[in-house]
Chemist: 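Questions regarding the structure given below will be posed in turn.
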Protein chains: 2
Amino acid sequence: MGDFLPTFSHVQQAATVLNGVVSRTPVLDSSYLDEQCGGGVLVKCENLQRTGAFKFRGAYYALSRKEAVAPFKAVVTLSSGNHAQGIALAGRLLGYPAYIVMPEPVNPFKRERVEEFGASVRIVRTRAEGEVLAQELVHVHQGVFIHPFNDPDVIAGQGTAILELLQAEPEIDVVLAPLGGGGLLSGACLAAHGLNPHIQVYGCEPARALDALLSLREGRILLPHPVDTMAEGLRTSLGEVTLSILQDHLQDVFVVEEEEIIPAMRIAFERMKMVIEPSSAVALAPILRGEPALRGKRVGVVLSGGNISMSDVCSMMGGM
Amino acid sequence: MGDFLPTFSHVQQAATVLNGVVSRTPVLDSSYLDEQCGGGVLVKCENLQRTGAFKFRGAYYALSRKEAVAPFKAVVTLSSGNHAQGIALAGRLLGYPAYIVMPEPVNPFKRERVEEFGASVRIVRTRAEGEVLAQELVHVHQGVFIHPFNDPDVIAGQGTAILELLQAEPEIDVVLAPLGGGGLLSGACLAAHGLNPHIQVYGCEPARALDALLSLREGRILLPHPVDTMAEGLRTSLGEVTLSILQDHLQDVFVVEEEEIIPAMRIAFERMKMVIEPSSAVALAPILRGEPALRGKRVGVVLSGGNISMSDVCSMMGGM
């Protein structure tokens, strides 16, 4: 894992494998976002992807690739988030039992969906504990471990979301995506620059899990501190593979304040009629605040996921 | 108004006029709905239409048609709902000041959007009062009045939503749409049977505004009683034009209990990541309860609109 850097041709290969398996999610415009941004905004709705998030792309592609390399009898991962659902569904579709280790805090909404796909869930208190357990499960079940983002195949799979966006809308100047572990964003870089080296790719990172911007500046992986953003999908640090790709390709990082997240969710909900989770709202925030670098540009943004319960949304809104 | 019955060719004409003006909204599938229904469900997302509802189709087409018949200087309507927004935007796009008379109760979320489109809003206590005021406004401003549903052009415009659905998915056996004044459903009948007379078109009507089913049985327009459903868009009775079309074309009406509405909104929200208003949820309810007539069928359903505020959604959910 992490031994080679994926390229544009890996993204294209992934698109071939994923064709007919993933939903070709819609790309929507929004006159409201255009006005806020002072440009033209196109939204790739990966919240409408199978499992409710783009993560299914990378999970399925990675599992199908590893199948071609060496035999295994199960798939294992360590994730409390949307990657867990992606692996659970990919496992079911490709015929492998899935073992999902979830470090606390576990969102019951996401756990329920993972179990609906027939995966076995094991909850652990810490990530370190989770790593030990995941290795055990790999051993016991002759499983393959698929990392949520620091895996060339996973990255190539995620890149297909941006490939579809740019195939539908080739005139896009700027791509925005949320920045957590960097899997989606790395895939976005490969897809965008494979098609057109002039496209600017920006990451959107919560101030309350600010590690990627600093890691990119220092050229080494730093841990986020503090890490208390409500954008639970973006609390992770980068990996070696994603750091390396982002260093080569990323234009810059927009830092998003915690107070911008719920208003952005509300805009998605009320103006776009889209349910998104806080991590997705982080990528809308720079548009809504009229970020100067976006003025007059054609901006493509990935709504990465919509896995949130009504009751969580309402309790967040109540807290405004 | 209401002097002639529209036909399939009017729907086709409307589609030509609306091409490039309306959004060609996505048609999505949902494995969750498939399972509930015991068939294959395809969802036409008119909540993603401009103004957040299908009503913009009929409003724009009707205004553009009337323009060709006789000159006027403004557009007037009587509506507290999505038709008001449709007329407001159509007026702005076609260059006519729009005067919207809204009978109480007025949803502030919908009123705000109407005003954002630059329309003048007048609130009245009763519909009868509203009719008088609307006539006055027509007189004073040399306006044309556009009825929310009992108008052949409006019906033809709404039919384009189903035309698009069936062009995208020609194998559909059954079409479901919410049933209030019957404009969308009448358009659905014309579009569906123009393409394929074997398609079954069903209306979905709240038990707490049950007039259309009874009107169709008796062959004359009855007023809903009681009329206290939360599906505010479906509280109206039929008109002469819609009654006549539905009598000829409608397969049957599914009556939806009030208790089914919020759970259906929740399913749309949590499973489909779609914000819909209660009127739209009424058309999902027969699918979710596994209505026997839908088993094994390919079902197309129109999500008619998504104009609801977060705070209204949360107060509804809190009331479960």
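Chain letters run A, B, ... following the sequence lines, proteins first and then strands; every chain starts at 1. Atom set for the values below is all heavy atoms of this structure, side chains included, hydrogens, waters and symmetry mates excluded.
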Chemist: Below 4.5 Å, heavy-atom pairs only: which of A:Ile308, A:Thr25, A:Asn47, A:Ile276 has the largest tally toward chain B?
Modeler: A:Asn47
Chemist: Check whether B:Lys273 reaches the backbone of A:Gly306 with its side chain - one donor and one acceptor, N or O, closer than 3.5 Å.
Modeler: yes
Chemist: What part of B:Arg113 lies closer than 4.5 angstrom to a heavy atom of chain A: side chain, backbone, both or neither?
Modeler: side chain
Chemist: Considering all heavy atoms of both residues, which atom of B:Val313 and which atom of A:Phe269 are nearest to each other, and what is their separation?
Modeler: CG2-CZ, 3.7 Å
Chemist: Work out which heavy atom in B:Met310 is nearest to a heavy atom in A:Glu270; give both atom names and the distance.
Modeler: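 Looks like N-OE2, 2.7 Å.
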Chemist: Give, for atom CE of A:Met317 and atom OG of B:Ser309, the distance between the pair rounded to the nearest 0.5 Å.
Modeler: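 A:Met317 CE to B:Ser309 OG: 10.5 Å, rounded to 0.5 Å.
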Chemist: Taking the side chain as everything from C-beta on, heavy atoms only, tell me whether B:Ser23 gets closer than 4.5 Å to A:Leu28.
Modeler: no
Chemist: Could you measure the distance from the CE atom of A:Met316 to the SG atom of B:Cys314? Nearest 0.5 Å is fine.
Modeler: 11.0 Å
Chemist: I need the minimum non-hydrogen distance between B:Met272 and A:Leu48, along with the two atoms involved.
Modeler: O-CD2, 3.3 Å
Chemist: More than 12 non-hydrogen atoms from neighbouring residues, nucleotides or ligands closer than 6.0 Å to CZ on B:Arg235, yes or no?
Modeler: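 Above 12, so yes.
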